[in-house]
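A short write-up of the structure that comes next.
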Amino acid sequence: MVIKPPMLTSDLIALWVTFKLAAVTTVLLLIISTPLAWWLARSQWRYKFVIEAIIALPLILPPTVLGFYLLIMLGPNGPIGGLTTTLGGTPLAFTFTGLVIGSVFYSLPFVVQPLQNVFNGIGTNVLDQAATLRAGPVDRFFSVIFPLTKPGFLTATVLGFAHTIGEFGVVLMIGGNIPGSTQVVSIAIYDHVESLNYTSAHTLSALLLILSLIMLLTVYGLNRRFSVLRT
């Protein structure tokens with residue numbers, strides 16, 4: 001009887017791809033979501049709910065459906081994949097870049113909504129007072145808005161990172177299962193289960209479970225600390 005090690009070299013590579021994907025996606029999500037959430041919190045546009053519904057769509061849409069349409073868009077005959085091909089590049093489907101694009105779409109509501117909630121809690125008086133002191137928009141953001149919304153940014157960062165780590169359907173549709181390039185941990189677990197290698201599947205699953213619990217404990221603990229400091 002051959003005893004397989006609890007974690008293979010391919011599993012370590014899948015872990016590296018997963019954390020790299022989550023880190024890049026989280027940074028992009030914060031850059032995109034901050035102005036978007038601010039606009040949603042401040043805008044009085046009557047059709048704003050349409051944008052909010054589109055952003056929230058990944059919360060209820062089956063990941064395979066979103067992954068399928070992203071695959072069409074990023075493929076060689078899709079609008080984005082066709083454009084990159086025309087410009088001399090390669091289609092983005094089944095590449096790490098394609099995985100990042102899909103992850104940004106799929107995790108967008110997990111970053112936008114916490115930021116929008118904390119931005120809604122900022123009163124206009126504080127911003128008006130900062131403006132009367134001739135603080136520019138950038139100064140107002142870093143000296144007034146960001147300190148007041150730290151818990152929201154922390155929650156958005158952790159949720160975006162953790163949700164990206166746990167993706168399965170979208171990454172399978174867009175990235176396939178290419179070791180060292182697009183194979184992430186969730187796909188590796190699925191492969192281990194299919195091959196009846198439950199030891200490796202258990203090791204990777206337990207690792208993600210513990211990591212997710214640690215991240216959530218950190219968020220709840222720090223948010224509780226922020227609440228205590230405000231009272």
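Positions are given from 1, in the same order as the sequence printed here.
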Point to revise | Step-by-step side chain to side chain contact (heavy atoms under 4.5 Å, CB included) determination, Y190 to N177 | key: CA-CA 11 Å; Y190 180 76; N177 190 6; over 6 Å; no
Practice item. Please name the pair of heavy atoms, one in Q113 and one in A56, separated by the smallest distance, quoted to 0.1 Å. Key: NE2-CB, 3.7 Å
Study note, to complete from the structure: When every non-hydrogen atom of T85 is compared with those of T90, the smallest separation belongs to OG1-C, 4.3 Å
Review point. Can you name the closest pair of heavy atoms from L115 and A37 and give their distance?
Key: CB-CB, 3.6 Å
Exercise for review: Determine whether I145 and W38 make a side-chain contact, defined as any pair of heavy atoms from C-beta on separated by less than 4.5 Å.
Suggested key: yes
Review point. Does R42 reach the side chain of I122, with side-chain heavy atoms less than 4.5 Å apart?
Key: yes
Review point. Is there a side-chain contact between N117 and F119 (heavy atoms, below 4.5 Å)?
Key: no
Check your understanding: Any donor-acceptor pair under 3.5 Å linking the side chain of T25 with the backbone of A22?
Key -> no
Check your understanding: Linking I/L/V/M/F/W/Y whenever any side-chain heavy atoms sit under 4.5 Å apart, do F94 and L172 land together?
Key -> no
Check your understanding: Can you name the nearest heavy-atom pair linking L71 to A93, along with the distance?
Key -> CD1-CB, 3.7 Å
Point to revise | Exam field: side chain T182 to backbone T95, donor-acceptor pair closer than 3.5 Å | key: no
Review point. At what distance, to the nearest 0.5 angstrom, does CG of L59 lie from OH of Y106?
Key: 8.5 Å
**Study point:** Single-linkage hydrophobic cluster, 4.5 Å side-chain cutoff, L159 and L61 together
**Key:** no
Exercise for review: Spell out, yes or no, whether L66 and I174 are grouped together once hydrophobic residues are joined by side-chain heavy atoms under 4.5 Å, including indirect joins.
Suggested key: yes
Practice item. Report yes or no: does T18 contribute a side-chain atom to a donor-acceptor pair with the main-chain N or O of V185 at less than 3.5 Å? Key: yes
Check your understanding: What's the spacing between F105 CZ and I54 CD1 if we round to 0.5 Å?
Key -> 11.0 Å
Check your understanding: Would a 4.5 Å heavy-atom cut-off, applied to side chains only, mark L211 and F19 as touching?
Key -> yes
Exercise for review: Output yes when a side-chain donor or acceptor of S107 lies under 3.5 Å from a complementary backbone atom of F110, and no otherwise.
Suggested key: no
Point to revise | Closest non-hydrogen atom pair, A14 against A188 | key: CB-CB, 4.2 Å
Review point. Atom CG of D191 and atom CD of Q183: how far apart are they, to the nearest 0.5 Å?
Key: 5.5 Å
Revision key, fill the gap. CZ (F68) and CE (M73) are apart, to the nearest 0.5 Å, by 12.5 Å
Review point. Taking side chain as C-beta onward, heavy atoms only, is F168 less than 4.5 Å from P63?
Key: no
Check your understanding: With a 4.5 Å heavy-atom cut-off, do L204 and L208 have their side chains touching?
Key -> no
**Study point:** Reported CG-to-CG distance for the pair L92 and L70, which is rounded to 0.5 angstrom
**Key:** 11.0 Å
Review point. Would I55 end up clustered with V170 when hydrophobic side chains under 4.5 Å apart are linked, directly or stepwise?
Key: no
Practice item. Look at the rings of W45 and Y47 and say which category their plane angle falls in: under 30° parallel, 30 to 60° tilted, over 60° perpendicular. Key: perpendicular
Exercise for review: Side-chain contact test, heavy atoms from C-beta onward, threshold under 4.5 Å: evaluate it for H192 versus D11 and give yes or no.
Suggested key: yes
Exercise for review: Would you name the heavy atoms of M215 and A162 that are closest together and state the gap between them?
Suggested key: CE-CB, 3.6 Å
Practice item. Verify the cluster assignment for V100 and Y69: are they in a single hydrophobic cluster under the rule of side-chain heavy atoms below 4.5 Å apart? Key: no
Practice item. Please tell me if the side chains of Y198 and V193 come closer than 4.5 Å, counting only heavy atoms from C-beta onward. Key: yes
Point to revise | Distance, nearest 0.5 Å, that separates CD1 of I32 from CG of L108 | key: 7.0 Å
Exercise for review: Flag yes if more than 12 heavy atoms outside W39 fall under 6.0 Å of its CH2 atom; otherwise flag no.
Suggested key: yes
